[in-house]
Amino acid sequence: MPESVEVEYYRRLADRTVGRRITAVDAPDAWFLKGGLTGRALAAAVTGRTIEGARRIGKLLLLDTDGPTVGLRFGMTGRLLVDGVAGVEDLQYSSMRDEPAWDRVTFRLEGGGDLRVRDPRRLGGVLLDPDESRLGADVLSITPVQLRQALARSTAPVKARLMDQGRVAGVGNLIADEALWRAGIDPARAAGSLSDAELRRLHRHLRTTVDELLSRGGSHTGDVFHARTPEGLCPRDRTPMLRRTVGGRTTWSCPKHQR
DNA sequence: ATTGTGGCCTGCCCGC
DNA sequence: TGCGGGCAGGCCACAA
């Protein structure tokens, strides 16, 4: 599903729209417009505007125009298409069908072409001038100090804190499980119970996990991904993987080396 | 404030 | 062969 890795691919794809002017907006699905936004208001705000940049904070894609900023969220099944090209071909848990009925918002661009969000399950959304201050440090650039601050003095499971977008932006279920597996930390541990050494280890693995998933091609390319089954064995020590719900999410971990 | 839970969205997969 | 239940997880509302 789109975690920070996929949204980073989307950002790179969206770079193709920089310098192009928006001529029209199609927003047929009112549910997809968030924060009281209407199709009419969105069209009025951005029609005639030129896209000046594409940024990403966590899982939020931001399109800066010479007017307002458009925020795009992809949930777990949303794909970005620019001029008919998909930002991600292989999206776990979504559908690869070419189904225009799933286009929830389309920004038509001058001279032909467009940028659209295709989301079968409608879990994503569009925001106008989203409040960026509500997001924590981005996982691709988070510092050890920021990670410590995000986890310190919390009794919540470390995995839940990692996935709290207001503390660390961009960690979804697969990245959380992969990084904690690599760091040898039990996802259910209280976030505030990590030692300095464990915090440093987690920070290192978080960064390298995301770097590797980016170069491999997606959040589903982690070492532990194929072990997320009832018969799955830990790729490191061949121990049967443990399936639990942690932080409200299906969680796979190794009961032997994750402590 | 913090933490946990349940609901929403709907295509897809499995078993009968 | 068709059908129905369960599942996936990001996000939000709400409760304690």
Quiz item: Which whole-number value in Å describes the distance from D119(A) CG to dC11(C) C1'?
Solution: 12 Å

Quiz prompt | S154(A)/R161(A) under side-chain hydrogen bond (donor to acceptor under 3.5 Å, both in side chains): CA gap, chis, key distance, verdict | solution = CA-CA 8 Å; S154(A) 170; R161(A) 275 262 164 157; 3.2 Å; yes

Quiz item: Any side-chain N or O of T250(A) less than 4.0 Å from the OP1 or OP2 oxygen of dC7(C)?
Solution: no

Quiz item: Rounded to the nearest Å, what distance is computed from the CZ atom of residue F225(A) to the C1' atom of nucleotide dA8(C)?
Solution: 11 Å

Quiz item: Think R167(A) has a side-chain N or O under 4.0 angstrom from the OP1 or OP2 of dT2(B)?
Solution: yes

Quiz item: Between R153(A) and dT2(B), is there a side-chain N or O to OP1/OP2 distance below 4.0 Å?
Solution: no

Practice problem: Report the residue (S154(A) or R104(A)) whose heavy-atom-nearest nucleotide on DNA chain B is the more 5′ of the two. | Solution: S154(A)

Quiz item: With side chains defined as the heavy atoms from C-beta onward, is the minimum distance between R56(A) and L62(A) less than 4.5 Å?
Solution: no

Quiz item: Side chains of T65(A) and E52(A): donor-acceptor distance under 3.5 Å anywhere?
Solution: no

Quiz item: Are K34(A) and dC11(C) close enough that a side-chain N or O sits under 4.0 Å from OP1 or OP2?
Solution: no

Quiz item: Which comes earlier along DNA chain B counting from the 5' end, the contact point of L123(A) or that of P157(A), where each point is its nearest nucleotide?
Solution: P157(A)

Quiz item: Hey, is the side chain of R121(A) poking within less than 4.0 Å of OP1 or OP2 on dC11(C), counting only N and O atoms?
Solution: no

Quiz prompt | R249(A) vs dC11(C): side-chain N/O to OP1/OP2 distance below 4.0 Å | solution = no

Self-check item: Rounded distance (Å) that lies between atom P of dG10(C) and atom CZ of R73(A)
Solution: 12 Å

Quiz item: Considering only dT2(B), dG4(B), dC9(B), which nucleotide approaches the side chain of R161(A) most closely?
Solution: dT2(B)

Quiz item: Quick one: is dG11(B) close enough that its OP1 or OP2 comes under 4.0 Å of any side-chain N or O from W102(A)?
Solution: yes

Self-check item: N or O in side chain of T155(A) less than 4.0 angstrom from dT2(B) OP1/OP2
Solution: no

Quiz item: W252(A) or L127(A): which one's nearest nucleotide on DNA chain C is closer to the 5' end?
Solution: W252(A)

Exercise. Would you check if M241(A) and R228(A) make a side-chain contact, meaning some heavy-atom pair closer than 4.5 Å?
Key: no

Self-check item: Interatomic distance where CZ belongs to F32(A) and P belongs to dT10(B) [whole Å]
Solution: 11 Å

Quiz item: Which residue pairs pass the salt bridge (charged side-chain N to carboxylate O under 4.0 Å, His left out) test with at least one member in residues 244-259 of chain A, sequence neighbours excluded?
Solution: D186(A)-R244(A)

Practice problem: To the nearest Å, give me how far apart CG (D177(A)) and P (dG9(C)) are. | Solution: 9 Å

Quiz item: Once you round it to whole Å, what is the distance between P of dT10(B) and CG of D29(A)?
Solution: 8 Å

Exercise. For R122(A), report the nucleic acid contact type (base, sugar-phosphate, nothing); a contact means any heavy atom under 4.0 Å.
Key: sugar-phosphate

